[in-house]
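Reviewing the structure listed below.
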Amino acid sequence: VQLQASGGGLVQPGGSLRLSCATSGFTLDYYHIAWFRQAPGREREGVSCISASDGSTYYVDSVKGRFTISRDNAKNAVYLQMNNLKPEDTAVYYCLALYYSKSFLVRYFWQYEYDYWGRGTLVTVSS
């Protein structure tokens, strides 16, 4: 099982990046996928989630309206489009997978214990 985040880099405030999460070794269709991030000296925090069942999404307030999560099960990939980036978005971003559960609630996605997570990608927002 592998999840590999990519697409990070250095971008100026107000810029955009598109992160990709390439998955292998499991059937993406059956998994809820979340993006978390961890900034230096800070705890890991949930950013966004997309459900396996109906593709419903959730965003934490700090990224709402700026980030968009999407998935392409046929390509075994999940994406995070990040617009209007701010210095406080600087962090290593990780994608995580949780096997489908009917009781899963996207609005509490950060509280679940995920089955798989992979290597992250560094996003640096700086002028």
Looking at residues at least two apart in the chain, or sitting in another chain, which of them share a side chain to side chain donor-acceptor pair (under 3.5 Å) with [X]?
{"X": "Arg66", "result": "Asp89"}
{"X": "Ser51", "result": "Asp54, Ser56"}
{"X": "Ser6", "result": "none"}
{"X": "Gln81", "result": "Asn83"}

Not counting sequence neighbours, which residues clear side chain to side chain contact (heavy atoms under 4.5 Å, CB included) with [X]? List them please.
{"X": "Ala34", "result": "Phe36, Cys49, Phe109, Tyr114"}
{"X": "Ser127", "result": "Pro13"}
{"X": "Glu45", "result": "Arg37"}
{"X": "Tyr99", "result": "Tyr30, Tyr31, Asp115"}

Can you tell me how far [atom2] of [Y] sits from [atom1] of [X], rounded to the nearest 0.5 angstrom?
{"X": "Thr23", "Y": "Asn76", "atom1": "OG1", "atom2": "CG", "answer": "4.5 Å"}
{"X": "Leu98", "Y": "Ile33", "atom1": "CG", "atom2": "CD1", "answer": "8.5 Å"}
{"X": "Tyr93", "Y": "Leu17", "atom1": "OH", "atom2": "CG", "answer": "9.0 Å"}
{"X": "Thr90", "Y": "Gln38", "atom1": "OG1", "atom2": "CD", "answer": "14.0 Å"}

Checklist entry - Is Arg44 close enough and on-axis enough to Trp117, meaning under 6.0 Å and within 45°, for cation-pi? => result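 That pair qualifies as a cation-pi contact.
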Item to check | Full working for side-chain contact (heavy atoms from CB on, under 4.5 Å) between Ser126 and Leu10 | outcome: CA-CA 7 Å; Ser126 175; Leu10 173 63; 4.2 Å; yes
Checklist entry - Can you name the residues that form a salt bridge (charged side-chain N to carboxylate O under 4.0 Å, His left out) with Lys64, not counting sequence neighbours? => result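 Expected list: Asp61.
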State, to 0.1 Å, how close [X] and [Y] come at their nearest heavy-atom pair, and which atoms those are.
{"X": "Gly8", "Y": "Thr121", "result": "N-OG1, 3.0 Å"}
{"X": "Gly120", "Y": "Val92", "result": "CA-CG1, 3.8 Å"}
{"X": "Gly46", "Y": "Trp110", "result": "CA-CB, 4.4 Å"}
{"X": "Leu19", "Y": "Met82", "result": "CG-CE, 3.7 Å"}
{"X": "Arg71", "Y": "Leu28", "result": "NH2-O, 2.7 Å"}

Checklist entry - So which of Tyr116, Tyr112, Phe104 actually passes ring-ring contact (aromatic ring centres under 6.0 Å, His included) with His32? => result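 Between His32 and the candidates, ring-ring contact (aromatic ring centres under 6.0 Å, His included) is satisfied uniquely by Phe104.
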Item to check | Residue pairs involving residues 61-114 (criterion disulfide (SG to SG under 2.5 Å); sequence neighbours excluded) | outcome: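 Listed once each, the pairs are Cys21-Cys95.
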Next on the checklist: Quick one, Val78 with Ile69, criterion side-chain contact (heavy atoms from CB on, under 4.5 Å). Give me CA distance, side-chain angles, the key distance, then yes/no.
Outcome noted: CA-CA 7 Å; Val78 179; Ile69 190 171; 4.1 Å; yes
Checklist entry - Excluding sequence neighbours, so at least two apart, what forms ring pair (Phe, Tyr, Trp, His ring centres under 6.0 Å) with Tyr108? => result none
Next on the checklist: Measuring only between side-chain heavy atoms, which start at C-beta, is Thr27 closer than 4.5 Å to Tyr100?
Outcome noted: no
Checklist entry - Applying ring pair (Phe, Tyr, Trp, His ring centres under 6.0 Å), which residue pairs with at least one partner in residues 44-89 are found, sequence neighbours left out? => result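 As it turns out, there is no ring pair (Phe, Tyr, Trp, His ring centres under 6.0 Å) pair with a partner in residues 44-89 once direct neighbours are skipped.
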